[in-house]
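Structure record follows, encoded as structure tokens.
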Amino acid sequence: MRRVLFVCSQNKLRSPTAEQVFAGRDDMDVASAGLNHDAEQPLGADLVEWAELIFVMEKTQRSKLQHKFKPQLRGKRVVCLDIPDDYDYMAPALVALLQARVPKHL
């Protein structure tokens, strides 16, 4: 089973939506977290180490992730989905974007 982590800034809208959308798959174990210190679920080194594949929503998040967790990212694949912070939790347009962009990287 592949361990997949979805990351955004606050872990309130985009990454929890992604976690929810892909949680039902039998071939994936999913989690989500936020890069900001005041995120709903702040990202820690242990979660980065757990993940085999990490999705970020924006390029700036990839940079921040690499800066904060460089040692834990060795050998990990980090994919930027280029999804701006313009969506509510479980918004149909966000769900459609996730379903279109995530599977090709799995």
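Numbering starts at 1 and runs along the sequence shown.
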Contacts of type side chain to side chain donor-acceptor pair (under 3.5 Å), residue T17, not counting sequence neighbours
none

Nearest heavy atoms of P42 and A33, plus distance in Å
C-CB, 4.3 Å

For the student: nearest non-hydrogen atoms of N11 and P16, plus distance
O-CG, 3.3 Å

How long is the span from the CG atom in L47 to the CZ atom in F69, to the nearest 0.5 Å?
8.5 Å

Among all residues two or more places apart in sequence or in another chain, which pass the side chain to side chain contact (heavy atoms under 4.5 Å, CB included) test with L13?
D85, Y89

Residues in side chain to side chain donor-acceptor pair (under 3.5 Å) contact with R77, at least two apart in sequence or another chain:
H105

Is there a path of hydrophobic side-chain contacts, each under 4.5 Å between heavy atoms of I, L, V, M, F, W or Y residues, that connects V30 with I54?
no

Rounded to the nearest 0.5 Å, what separates atom SG in C8 from atom CG in L81?
11.0 Å

By side chain to side chain contact (heavy atoms under 4.5 Å, CB included), which residues pair with K70, not counting sequence neighbours?
none

With a cut-off of 3.5 Å and sequence neighbours excluded, list every side-chain donor-acceptor pair involving residues 55-64.
residue: E58; atom: OE2; partner: R14; partner atom: NH1; Å: 2.6
residue: E58; atom: OE2; partner: R14; partner atom: NH2; Å: 3.1
residue: K59; atom: NZ; partner: D82; partner atom: OD1; Å: 3.2
residue: Q61; atom: OE1; partner: M57; partner atom: N; Å: 2.9
residue: Q61; atom: OE1; partner: E58; partner atom: N; Å: 2.9
residue: Q61; atom: NE2; partner: S9; partner atom: OG; Å: 3.0
residue: K64; atom: NZ; partner: N36; partner atom: OD1; Å: 3.0

V102-I83 co-clustered via ILVMFWY side chain contacts under 4.5 Å
yes

Under the side chain to side chain contact (heavy atoms under 4.5 Å, CB included) test, which residues partner D26, sequence neighbours left out?
none

If we only count heavy atoms from C-beta on, is the V48 to V7 side-chain gap below 4.5 Å?
no

Please check this pair: side chain of K68 against backbone of L43, looking for a donor-acceptor N/O pair closer than 3.5 Å.
no

Which residue pairs pass the side-chain hydrogen bond (donor to acceptor under 3.5 Å, both in side chains) test with at least one member in residues 41-52, sequence neighbours excluded?
none

Would you say L53 ends up clustered with V78 if hydrophobic residues are merged whenever their side chains have heavy atoms under 4.5 Å apart, either directly or through other cluster members?
no

I'd like to check the side chain to side chain contact (heavy atoms under 4.5 Å, CB included) partners of R25; sequence neighbours left out, ordered by chain and number.
F22, D27, M28, L106

The remaining residues in the hydrophobic cluster of M1, counting side-chain heavy-atom contacts under 4.5 Å among Ile, Leu, Val, Met, Phe, Trp and Tyr, are none

With a 4.5 Å cut-off on side-chain heavy-atom distances among I, L, V, M, F, W and Y, is there a chain of contacts connecting V4 to V79?
yes

